[in-house]
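Contents: one structure, followed by commentary.
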Amino acid sequence: MMRKTKRHKRIHAIATAGVAALVTLALPGCTAASDEVRAPSPTAPGAVGTTTAPAAAPTPPAPSPTYALSTAPRTIPAVREHEPARGPGWKPAPGARVVVAQYDTAALADEARLLAGELGLAYGEAAAPRAGDVELSVEGSGKPESYTLTVKDGRVRINGPDEAGVFYGTRTLKQAVRAAGTAPEGTVRDGPAKPQRGLNLDIARKHFTPDWIKGRLREMADLKLNQLGLHLIRRVPAQPQPVHRPPGVGQLHLVTSLGGSGGLLAYPLSFVRSDVT
C-alpha cells in the first residue's frame with residue numbers, strides 16, 4: 001500500500017513538473033504576442049505612441065511681394081496725367097540700356113545717348129528691348145511735343161508723335177529717378193500747356209559768360225522750355241540789321257520791344273540736347 005502511494009506521488013510530481021515546463025515554454029510567445037497587440041507597428045496606419053519623429057511639414061512657398069498703388073513722379077513742371085499701377089517701378093541697373101526703335105535710330109540717337117549718359121546706362125542703338133531697358137520711339141498721335149511714358153514689367157517705354165515729345169519724356173524719366181531713385185509704375189501722359197515756354201536774358205546791360213548761358217540752356221531743356229530770348233542791343237536801328245546765328249541754332253526772329261527801346265532775339269530751342277557745346 002505504501003509503495004503504491006509513493007509511486008502515485010512520484011507520478012504526480014513528474015506530471016506537475018512537465019506541465020510547469022510546458023507553461024514556461026509557452027509564456028514568452030504569449031508575452032510577445034501580447035506586446036504586439038499592445039504596441040502597433042510604427043508603419044501601421046493610425047499607429048499611436050510611436051517613437052519615430054513625425055514627418056516635416058512641407059515649406060510653404062514665399063509670398064508674392066505686394067506693392068502700394070503708385071503716385072505721380074515728382075517733376076518740374078508736374079506731369080498733366082498719371083495712371084497709377086501696382087509694381088516695383090523702374091530704376092537704373094547694371095546691364096540696362098537705352099534702345100531706339102529700329103526705324104527711329106537716325107531721329108532719336110542723340111536723345112538716347114544723352115539719357116544713357118545721364119543715368120549711367122549703355123546705349124543699345126536699335127537692339128531688341130529686354131528687361132531693365134528704356135525704349136524710345138516716335139509713334140502715335142497727339143499734340144506737338146506731347147509724349148507717353150509707361151513703366152511696366154521692369155521696363156520703360158517712351159513714345160511721342162515727334163522728336164521733341166520723346167525728348168521731353170526722357171526729361172521726365174531723368175527727373176523722377178534723380179528725385180526718388182526710381183520711376184513709379186504706371187503710365188504718364190503729358191504735353192505742354194503753351195506752345196512757347198521760354199527764358200528772356202538781357203545780355204545788353206550785363207555780361208554773362210558763354211558757359212553760364214550754356215548751363216541755363218541745359219536747365220531749360222530739363223524744364224521743357226523751348227525758347228530763349230536774348231536782349232542784345234539798347235536800341236533798334238531804323239532798318240533791322242542782319243544777325244549771324246550761332247551754329248546749331250534755329251532761325252532767329254528779331255522782335256522789337258514796346259516803345260522801340262530795345263531788341264530781343266528769340267531763339268527757338270525745341271531741340272536743345274547734347275549738341276550744346
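Residue numbers run from 1 in the order of the sequence given. What you see is a predicted model; the values in this text were computed from it and never measured.
- Nearest heavy atom pair, residue Ala183 against residue Leu173, reads CB-CD1, 3.7 Å.
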Go through the steps for Glu111 and Glu163 under the test side chain to side chain contact (heavy atoms under 4.5 Å, CB included), then give the verdict.
CA-CA 9 Å; Glu111 286 83 352; Glu163 297 173 42; 4.3 Å; yes
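- The nearest pair of heavy atoms linking Ser146 to Gly142 is OG-C, 3.9 Å.
- Nearest heavy atoms, Ala193 versus Arg80: CB-NH1, 3.4 Å.
- With Glu139 contributing its side chain and Asn159 its backbone, the two residues share no donor-acceptor pair below 3.5 Å.
- For the atom pair CZ (Arg74) and OG1 (Thr172), the distance works out to 14.5 Å, reported to the nearest 0.5 Å.
- Residues Ala96 and Gly132 come closest through the heavy atom pair CB-O, 3.1 Å.
- Contact detail for Arg97 and Ala128: the closest heavy-atom pair is NH2-O, 2.9 Å.
- Side chains of Asp190 and Glu81 form no contact here, defined as non-hydrogen atoms less than 4.5 Å apart.
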Side-chain polar contacts of residues 117-126 - donor-acceptor pairs under 3.5 angstrom, sequence neighbours left out - could you list them?
unit_1, atom_1, unit_2, atom_2, d
Glu118, OE1, Arg171, NH1, 3.2
Glu118, OE1, Arg171, NH2, 2.7
Glu118, OE2, Arg171, NH1, 2.9
Glu118, OE2, Lys174, NZ, 3.2

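- Taking the charged nitrogens against the carboxylate oxygens, Arg155 and Glu135 do have a contact shorter than 4.0 Å, which makes a salt bridge.
- Rounded to the nearest 0.5 Å, atoms CZ (Arg216) and CG (Leu223) are 10.5 Å apart.
- For the pair Pro84/Thr71, no side-chain contact is recorded, criterion being any heavy-atom separation below 4.5 Å from C-beta on.
- At distances below 3.5 Å, at least one donor-acceptor pair connects side-chain atoms of Ser70 with backbone N or O atoms of Glu185.
- Summarising the geometry, atom OG1 belonging to Thr170 is positioned 10.0 Å from atom CD belonging to Gln175; distances are rounded to the nearest 0.5 Å.
- Cluster annotation: Leu199 is connected to Ile203 through the hydrophobic network of ILVMFWY side chains, with a link wherever side-chain heavy atoms come within less than 4.5 Å.
- Ion pair Glu219/Lys214 not flagged as a salt bridge, since none of the NZ, NE, NH1 or NH2 atoms sits closer than 4.0 Å to an Asp/Glu carboxylate oxygen.
- Within the 3.5 Å criterion, the main-chain N or O of Gly165 finds a donor-acceptor partner in the side chain of Asp162.
- Val99 and Val156 end up in different hydrophobic clusters when Ile, Leu, Val, Met, Phe, Trp and Tyr side chains are linked at under 4.5 Å.
- No donor-acceptor distance shorter than 3.5 angstrom exists from the side chain of Asp104 to the backbone of Ser137, with no hydrogens or angles considered.
- Put simply, CZ on Arg218 and CG on Leu114 are 9.5 Å apart, with the number rounded to the nearest 0.5 Å.
- Checked by atom type and distance alone, the side chain of Gln227 never pairs as donor or acceptor with a backbone atom of Gly198 at under 3.5 Å.
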Verdict with supporting geometry, Lys91 and Val177, side chain to side chain contact (heavy atoms under 4.5 Å, CB included):
CA-CA 7 Å; Lys91 61 182 178 181; Val177 170; 5.8 Å; no
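- Evaluation of the ring-ring contact (aromatic ring centres under 6.0 Å, His included) test over residues 56-104, restricted to residues two or more places apart or in two chains, returns none.
- Looking at Pro161 and Pro144, their side chains never come closer than 4.5 Å, going by heavy atoms from C-beta outward.
- Remark: side-chain polar atoms of Asp133 are paired, donor with acceptor, to backbone N or O of Arg130 under 3.5 angstrom.
- Phe167 and Val79 fall within a single hydrophobic cluster, where Ile, Leu, Val, Met, Phe, Trp and Tyr are joined by side-chain heavy atoms under 4.5 Å apart, directly or via other members.
- Tyr147 and Val100 fall within a single hydrophobic cluster, where Ile, Leu, Val, Met, Phe, Trp and Tyr are joined by side-chain heavy atoms under 4.5 Å apart, directly or via other members.
- The shortest side-chain heavy-atom distance between Tyr168 and Asp222 does not fall under the 4.5 Å cut-off.
- Put simply, Val98 and Val188 are part of the same group of oily side chains (I, L, V, M, F, W, Y) that touch within less than 4.5 Å, one to the next.
- We find the CG-CG distance between Leu228 and Leu201 to be 6.5 Å, quoted to the nearest 0.5 Å.
- In terms of modelled atom types and a separation under 3.5 Å, the side chain of Arg197 and the main chain of Lys224 share a donor-acceptor contact.
- Proximity of a side-chain donor or acceptor of Arg205 to a complementary backbone N or O of Asp202 within less than 3.5 Å is not detected.
- The CD atom of Glu83 sits 5.0 Å away from atom OG1 of Thr187, with the distance rounded to the nearest 0.5 Å.
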